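Quick notes on the structure that follows.
Keep in mind that the numbers below use all heavy atoms, side chains included, and drop hydrogens, waters and symmetry copies. From a predicted model like this one, the values you see are computed outputs, not experimental measurements. So you know, we letter chains A, B, ... as the sequences are listed, proteins then strands, and number each from 1.
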Amino acid sequence: MKQIQGVKGVKDILPDEAMAWQHIQQKARNIFHTFGYSEIIIPVIEAAELFLRSIGETTDIVEKEMYTFEDRDRKKIALRPEGTASVVRSYIEHSLNQASPFSKLYYIGPMFRRERPQAGRYRQFYQIGAEVFGFEHPMIDAEMLSMLNLLFQSLDISGLELQINSIGCPNCRPQFREALRDFFAGRLSELCENCQRRFELNPLRILDCKSSHCHALSGEAPKTLDYLCADCLTHFNKVQDSLKSAGVPYVINQRLVRGLDYYTHTAFEFVSGSLGAQNTVAAGGRYNTLVEELGGPSTPAIGFSIGMERLVSLFDSSPVEKQSPFLFIVALGEKAQEQGFSLINKLHKEGISAIMDYSNGSLKSQMRKADKFNAAHVLILGEDELAKGVVTLRDMKNKTQVEVPLLEIVGKFGS
RNA sequence: GUGGGCGUAGCUCAACUGGUUAGAGCACUGGACUGUGGCUCCAGUGGUUGGGGGUUCAAGUCCCCUCGCUCACCCCA
């Protein structure tokens, strides 16, 4: 029979790795909560149009990477390629701006993009993201970066560099774009093929081209920070002051531009030196115009998202404790199995972690399994025990064992 | 979408220029130890060599096709 395999670019997170995921997500939730964020659970499917309007119709994500299908009522549905658009949609749809003066929200879940898989890139990938609505002040930018910094620290992840930049606002970005165009117009032939295309579509992206020649060339190009309007410059400087005050190390990367259309002002990335080509672990920025563009009230906002798989691959999971059962019930013979079964039911009702070997194998083989599962204690129920109305309780670590009356077992561990 | 690398047991890998029945370690199961785990020793289970076709007396090995994995480009978390 033909084997059915998982879909390309989609992977199973097996129990060992899932424990690391749980650990990371728990840490993230705790830190988000201390910063006053609440979880929002958003759907995996959305009207496709939401992403056309937020991410931008000409971005690769929308043009060729989005999973879309037509529903039975002929509406175009998309599997979400990112989380921000959904959170913004929800924020508007439920008038969260009315319910609360500001909102701090986070989400954890899978995203979908039909790209060619490679290291750190999957077709179904998980993001941990957060958004803040209703604050324009640069201190919230810094606070958010500080939160991420703390999260990475608490996970003992080192070697990350925080890069920041300001990509301006609708007032000043057009001038910068023009200046870039002017600069590259005379050197079009020197640019790589891709950048010649970028020149037309989005000249900002020439700045982060990996080709060494384009890279060198754009070193001479106009700098985004030189073209910021007064407001943008003040904002950017204040973000830096606040980062210093919070003790968050950073570098300015004037080549940092974001791929999604909706960003304004602050843009940032946490970059790792040890991840391969896809080295951005977390990225985000401010998007002060998006809420309004999607039909909501004019609301400043900022957000980020973390690539879960990339974060996991930097995470050393060896200190994470494996889950092992407290009790392992070994039953020898059918009668003992029945006793054991009723015992384990009582234990479970008391919330005591216990597993039972239903194999009816030899004591030796059941003991081996108890060891394999790393159980703290083993309860042995055999003929001798049955006759005496006791169970043998063995401490696996100390290799000591005592007989305990059957009726006292639950009480012994129950408290 | 484009390009490179790689597919042998559950995992990591062997198999000289094509040459007997494709091996080893780990893991798994059992035994030595008839009711006591880890260590040791012994034995056993496990393979359509990713799949299909071709060349040859003979293919894991050579050729073609195909599928899958992987890395990179594009793009992005």
ask   = Is A:Phe328 touching bases, backbone alone, or none of the nucleic acid, heavy atoms closer than 4.0 Å?
value = nothing
task = Just call it for A:Glu383: base, sugar-phosphate, or nothing, with non-hydrogen atoms closer than 4.0 Å on any strand.
result = base
inquiry  = Between A:Glu350 and A:Lys346, does any NZ, NE, NH1 or NH2 come within less than 4.0 Å of an OD or OE carboxylate oxygen?
reply    = no
request  = Send over the distance from A:Ile61 CD1 to B:C76 C1', rounded to a whole Å.
outcome  = 6 Å
request  = Scan A:Lys399 against the nucleic acid and name what it touches under 4.0 Å (heavy atoms): base, sugar-phosphate only, or nothing.
outcome  = base
key: Most 5' of A:Met396 and A:Glu269 on RNA chain B, judged by nearest nucleotide   = A:Met396
query = Distance check: side-chain N/O of A:Thr392 vs OP1/OP2 of B:G35, anything under 4.0 Å?
reply = no
task = Would you mind telling me which residue lines up with the more 5' stretch of RNA chain B, A:Lys64 or A:Glu82, judged by nearest nucleotide?
result = A:Lys64
task = State whether A:Phe199 and A:Arg181 meet the cation-pi test: NZ (Lys) or CZ (Arg) under 6.0 Å from the six-membered ring centroid, and within 45° of the perpendicular axis.
result = yes
key: Whole angstrom value for the distance that separates C1' of B:A77 from CG of A:Leu275   = 11 Å
task = Would you classify A:Gln401 as touching base, sugar-phosphate or nothing, given that sugar-phosphate means primed atoms plus P, OP1 and OP2, and contacts are heavy atoms under 4.0 Å?
result = base
query = Given B:A77, B:G31, B:G30, which nucleotide is nearest the side-chain atoms of A:Lys364?
reply = B:G31
key: Sugar-phosphate only, base, or nothing, as touched by A:Gly284 at under 4.0 Å among non-hydrogen atoms   = nothing
request  = Give one of base, sugar-phosphate or nothing for A:Leu311, where a contact means two heavy atoms less than 4.0 Å apart.
outcome  = nothing
